[in-house]
**Q** 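Mind having a look at this structure? Questions to follow.
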Amino acid sequence: MNMKSAARVVVIGGGVVGASVLYHLTKAGWSDVLLIERDELTSGSTWHAAGGMHTVNGDPNVAKLQQYTINLYKELEQISGQSCGMHITGGLMLAGTPERMDWLKMAKARGRYLGMDLELISADEAEKLFPALDKKHFLGGIYDPIEGHIDPYGVTHAYAKSAQIAGAEIVRHTRVTDLIARADGSWDVITTHGNVHAEHVVNAGGLWAREVGRMAGVEVPITVCRHKINFFTRPAGATDPHPLVYDFVKNIYTRPDPRHLRRLAHVLTEPSLPRNVQ
Ligand SMILES: Cc1cc2nc3c(=O)[nH]c(=O)nc-3n(C[C@H](O)[C@H](O)[C@H](O)COP(=O)(O)OP(=O)(O)OC[C@H]3O[C@@H](n4cnc5c(N)ncnc54)[C@H](O)[C@@H]3O)c2cc1C
């Protein structure tokens, strides 16, 4: 395996985050950059993601970032020729309590200054958008027409190809085993296929980020959450495709799967106990 012995930046981890960092470095003019992935691209949690694109978020900076990302997918498809599998279905965030409804009103007001086109709707209107809804549990919701879902595999490869076109290198089946700091602040990145000297190292190890951080003496406060996925058949009267429908207070969200034959409901349950995931 031929891996360069020096790079300005080494990105550890070939999930959607590592691939995005690699692309954005090239976009900023840094082409001497190398991504190292221990297995295949997307072999971490990116492989399992539902790919839901949500623009309504508790943090305005994250909401703005998510908005930026939706336009970015079109740019990536043009550069790389790789489909991101983008489906704009619209998204419906539900409120089951008066407090949550107030929060949605706040999100709409904040969305206005972020340039977002959000609409507050009643439970009756929500039922029209998603007929499987049992509206007695909800007071209303907020609808964003530009939400939808993407293919995480396609997005990661679109980032990777776009970065490679701009000069970045990607090495797969190579595990970073240690990071050794030099006196000048640069790093020796030790891998199963040789060492690389890097000015900067990016930890994009996802749920392994804690283990990667420890190589540099940094304790990353990250833990694993258990995710439950249910598949169910098309509800009677459902439009095709139905919008993303979610209630983050109850930690549940649904999306149609690409074949529109069954629906997915994701339930985020309690954080699982920290474990050695290496
Ligand atoms: C079931 C499920 C549903 C989800 N649904 C959504 C959703 O709808 N919308 C959404 O936005 N997000 C969703 N997510 C979250 C999303 O998947 C993650 O936030 C995202 O994939 C994290 O990407 P990452 O690149 O940080 O991590 P990862 O994809 O885990 O990538 C980390 C990579 O680092 C590599 N690596 C680790 N250690 C080393 C090492 N020592 N040397 C070299 N390589 C190493 C791993 O092999 C891996 O490929 C979901 C997640 C799950 C599990």
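The shown structure was predicted, so the numbers you read here are calculated from the model rather than taken from an experiment. Atoms within each ligand, like the ligands themselves, are counted from 1 in listed order.
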**Q** Classify the side-chain pair Y159/Q164 by whether it contains a donor and acceptor separated by less than 3.5 Å.
**A** no
**Q** Under 3.5 Å, N or O to N or O, is S45 touching ligand 1 that way?
**A** yes
**Q** I'd like to know if the side chain of H87 reaches the main chain of G85, judged simply by a donor and an acceptor atom lying under 3.5 Å from each other, with no hydrogens or angles considered.
**A** yes
**Q** Hydrogens and angles aside, do S122 and E125 bring a side-chain donor and acceptor to less than 3.5 Å of each other?
**A** yes
**Q** Decide, yes or no, whether a salt bridge links R214 with E219 under the criterion of side-chain N to carboxylate O below 4.0 Å.
**A** yes
**Q** With respect to A50, determine whether any N or O atom, backbone or side chain, lies less than 3.5 Å from an N or O atom of ligand 1.
**A** yes
**Q** When you look for heavy atoms under 4.0 Å from ligand 1, do you find them on the side chain of A204, its backbone, both, or neither?
**A** backbone
**Q** Please state which option from V171, T46, L179 has its nearest heavy atom closest to atom 21 (O) of ligand 1.
**A** T46
**Q** Of E37, E40, M53, which has the heavy atom at the shortest distance from atom 46 (C) of ligand 1?
**A** E37
**Q** Between the candidates S43, G44, A49, which shows the shortest non-hydrogen contact distance to atom 16 (C) of ligand 1?
**A** A49
**Q** If the condition is side-chain contact (heavy atoms from CB on, under 4.5 Å), which residues does K136 pass it with, not counting sequence neighbours?
**A** D134
**Q** Is R172 paired with E37 through a side-chain N to carboxylate O contact shorter than 4.0 Å?
**A** no
**Q** Please output the side-chain donor-acceptor pairs of residues 184-191 that fall under 3.5 Å, not counting sequence neighbours, one pair per line with the distance.
**A**
from : atom 1 : to   : atom 2 : distance (Å)
D184 : OD1    : S186 : N      : 2.9
D184 : OD1    : S186 : OG     : 2.6
D184 : OD2    : S186 : OG     : 3.4
S186 : OG     : H197 : NE2    : 2.7
D188 : OD1    : R182 : NE     : 3.3
D188 : OD1    : R182 : NH2    : 2.9
D188 : OD2    : R182 : NE     : 3.0
T191 : OG1    : H193 : N      : 2.9
T191 : OG1    : G194 : N      : 3.3
T191 : OG1    : G194 : O      : 2.6

**Q** So is there a nitrogen or oxygen of V176 less than 3.5 Å from a nitrogen or oxygen in ligand 1?
**A** yes
**Q** Would W47 count as a contact residue for ligand 1, given that I'm defining contact as a non-hydrogen atom of the residue lying under 4.0 Å from a ligand atom?
**A** no
**Q** Please check if the side chain of S43 supplies one atom and the backbone of D39 the other of a donor-acceptor pair under 3.5 Å.
**A** no
**Q** Can you check whether V212 has an N/O within less than 3.5 Å of an N/O in ligand 1?
**A** no
**Q** Does T174 have a heavy atom less than 4.0 Å from any atom of ligand 1?
**A** yes
**Q** Quick check: D39 and ligand 1, any N/O pair under 3.5 Å apart?
**A** no
**Q** Compute the shortest N/O to N/O distance between G52 and ligand 1 and return yes if it is under 3.5 Å, no if not.
**A** yes
**Q** On a heavy-atom basis, I'd like to know which of H54, R175, R38 is closest to atom 44 (N) of ligand 1.
**A** R38
